[in-house]
Amino acid sequence: MLQIQLLRENPQEVIDRLKIKNFDATDLVAEIRQLDTDNRNLKKSLDDNLMEQNRGAKEIGMLFKEGKREEAEGLKARMAELKEAEKTGRAKLQELEELLQAKMVLLPNLPNAAVAPGKGAEDNEIVYTEGDATNMGPDALPHWDLVKKYDIIDFELGNKITGAGFPVYKGKGARMQRALIDFFLDSAIEHGFTEIQPPYMVNEDSAYGTGQLPDKEGQMYHCQVDNFYLIPTAEVPVTNIYRDVILKESDFPLKNCAYSACFRREAGSYGKDVRGLNRLHQFDKIEIVVIEHPDRSYETLEKMTNYAKSLLTKLGLPFRVLRLCGGDISFTSALTYDLEVYSKAQQKWLEVSSVSNFESYQANRLKLRYKDATGKTKLAHTLNGSALALPRVLAAILENYQTDKGIVVPEVLRPYTHFDIID
RNA sequence: GGAGAGAUGGCCGAGUGGUCGAAGGCGCACGCCUGGAGAGCGUGUAGGCGCCAAAAGCGCCUCCUGGGUUCGAAUCCCAGUCUCUCCGCCA
């Protein structure tokens, strides 16, 4: 959520910058400003009422003590009037506040100045490429054939047990998963991240705190009996650690990493992109989450992106980095880099990481703040990124490392897999 | 699942109708003291919102949450949530 002060002080800037995200905020901003004014006026009159009541109550106490009964009774009558006005004022204020809040969450985060305008994925800017992204011969198999050939992932079985999008990893497939998780976690720890094992279900407050609610409700699995949500990413529980927290400046940066299974309903995605490991309802991911001082968050974004890049380099996968354009960047992000690996058999770029700076947008909802040098409380900045999401990394490894003899395990993973080929 | 106890500031803990945003202690910060440290002494130490150009100042709200009683609620009543203990079940 944006800070309302921004709309008070500089509404035009908000409108202009949101244009980059192809979002026309003109009417919404006007509406919010009106609501905000009404809200403050009402609050003022309610406060005045309450002040009179507070004073009156004290006075009545005094009057009774002094034995001035009639005077006290007279005041009581006045109090009854005030109370009546208070009731209507309160109801109206609550209504206004809820409406204001509901409108505020409709405003996306402002994009950073580096975000280029654009319609969609095709307008993203390639800022870096690495490795050999040429295609393999016509004999190269896509991973959904490879996993059958070597019997390491069983989609049919997942179908039987649960449904589409819940694959079963078997034998060396399962061990590859475990190796990747360990490799990613160990690397993150080496880079100064603290490992967290979060809950896989969160309550409503947490889902709201990171912005999954009220918007993306349909994207999460909901456990209705207890009103819990299955996490779509570890970002949700890990960031919510800091909900309602006030940090010291010296606490920055807070660097956490977490492995978790992620659950996504993916309502509305069909077609060829969902084939094999490309899009699943349950998948594994290592997430890095950083809470940072506003002055340093962009520096940190670069570091996080570089860190994610280093993982792909070590795995020997060709990849590129995109700076997302206004049309493709998420609602809540100010600047996002996507990392895509090249899958030689599918002849396609696959997104394996997305690293974003949310600036204070998430922090505002989370009430995640810090005290600055002068003792003022201010909103912190939050950042997160995948480092990395497993299924597509695995898909790329399987495809790019296939040989006549089997799938060669990338060097860095061998200490974790304890085997060097899948055959 | 059954029975009971509880929820107060960063923490511990007092407070059962008004002068309580809240004693006292711990912690923390600053100052004095010291060669330095400790001890000791002193001062300060929640958050949100509004009025104000801003600071100062003033006002409102917050003692788990939401209602209620009352002129007045941390304190009384109702509902809910959470935590703890015991029993049962269980990886």
Side-chain angles (χ1 to χ4, degrees), chain A residues 1-11 32-104 197 199-209 213 223-229 237 240-252 254 261 291 360 363-380:
Chain A
M1 198 162 60
L2 293 175
Q3 292 176 263
I4 191 124
Q5 294 91 296
L6 210 56
L7 301 204
R8 288 180 192 153
E9 287 159 17
N10 224 333
I32 288 171
R33 296 195 68 202
Q34 185 59 50
L35 284 171
D36 181 44
T37 310
D38 294 349
N39 191 45
R40 284 146 87 189
N41 290 338
L42 191 57
K43 165 113 173 94
K44 178 87 179 87
S45 68
L46 185 63
D47 278 1
D48 289 344
N49 175 317
L50 290 172
M51 176 174 67
E52 196 179 339
Q53 288 196 58
N54 287 339
R55 298 219 166 125
K58 271 181 197 158
E59 204 175 331
I60 288 170
M62 302 277 278
L63 290 172
F64 271 120
K65 220 175 254 175
E66 293 165 19
K68 297 177 180 165
R69 256 202 115 73
E70 308 93 81
E71 257 180 83
E73 292 301 330
L75 245 184
K76 273 194 186 180
R78 171 70 185 144
M79 300 296 271
E81 275 170 42
L82 286 170
K83 219 168 176 186
E84 207 41 53
E86 180 201 331
K87 223 171 237 175
T88 51
R90 235 183 237 285
K92 184 87 183 115
L93 186 68
Q94 196 187 338
E95 200 181 300
L96 264 177
E97 269 169 0
E98 276 167 15
L99 192 57
L100 183 59
Q101 178 78 1
K103 295 289 177 187
M104 280 301 288
Q197 280 202 19
Y200 288 5
M201 287 192 179
V202 295
N203 58 28
E204 244 179 312
D205 286 350
S206 296
Y208 183 81
L213 292 180
C223 177
Q224 299 194 351
V225 248
D226 296 302
N227 199 20
F228 292 151
Y229 293 87
N240 270 284
I241 292 173
Y242 305 101
R243 173 153 46 85
D244 289 319
V245 166
I246 298 176
L247 300 162
K248 296 187 293 256
E249 266 191 323
S250 58
D251 291 332
F252 294 122
L254 283 157
I291 315 295
S360 62
N364 195 22
R365 276 207 194 185
L366 288 164
K367 298 201 171 59
L368 163 49
R369 293 161 295 179
Y370 70 97
K371 271 198 201 298
D372 74 5
T374 66
K376 279 214 159 177
T377 29
K378 291 187 175 158
L379 293 171

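Computed over heavy atoms, backbone and side chain alike; hydrogens, waters and symmetry mates excluded. In the text below, chain A, chain B and the rest are named by the order of the sequence lines, each starting its count at 1.
Contact between the side-chain N/O atoms of A:Lys83 and the OP1/OP2 oxygens of B:G72 is found at a separation under 4.0 Å. Phosphate contact (OP1/OP2 of B:C49, side-chain N/O of A:Arg40, threshold under 4.0 Å): absent. Look at A:Arg8 and you'll find a side-chain N or O under 4.0 angstrom from OP1 or OP2 of B:G50.
Here the side chain of A:Lys376 is nearest to one of B:C71, B:A55, B:C60, namely B:A55. Among B:A55, B:G50, B:G47, the nucleotide with an atom closest to any side-chain atom of A:Lys44 is B:G50. In the set B:G59, B:G47, B:C71, the nucleotide with an atom closest to the side chain of A:Ala57 is B:C71. You'll find that the side chain of A:Lys371 is closest to B:G47, out of B:C60, B:G47, B:U70. Side-chain proximity of A:Met79 to B:G50, B:G59, B:C71: nearest is B:C71.
Nucleotides B:A14 and B:C82 have their C1' atoms positioned 24 Å apart, rounded to a whole Å. A distance of about 9 Å separates the C1' atoms of B:A22 and B:G9, rounded to the whole Å.
By the 4.0 Å N-to-carboxylate-O rule, A:Arg78 lies close enough to A:Glu81 to be salt-bridged with it.
Ranked by how close their nearest RNA chain B nucleotide is to the 5' end, A:Glu97 and A:Glu52 are led by A:Glu97.
For the pair A:Lys58 NZ and B:U19 C1', the interatomic distance rounds to 8 Å; values are reported in whole Å.
Side-chain atoms of A:Asn364 come within 3.5 Å of backbone N or O of A:Met1 as a donor-acceptor pair.
Nearest heavy atom pair, residue A:Gln53 against residue A:Met79, reads O-CE, 3.1 Å.
Using a 4.0 Å heavy-atom distance criterion, A:Leu46 is classed as making no nucleic acid contact.
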RNA chain B in dot-bracket form (Watson-Crick or G-U pairs under 3.5 Å, [ ] crossing, | inter-strand) is ((((((((.[[[..)..(.....]]]((((((.......))))))((((((.....)))))).[[[[[..)....]]]]])))))))....

At a cut-off of 3.5 Å, list every protein nitrogen or oxygen paired with a nitrogen or oxygen from nucleotides 61-65 of chain B, distance to 0.1 Å.
none

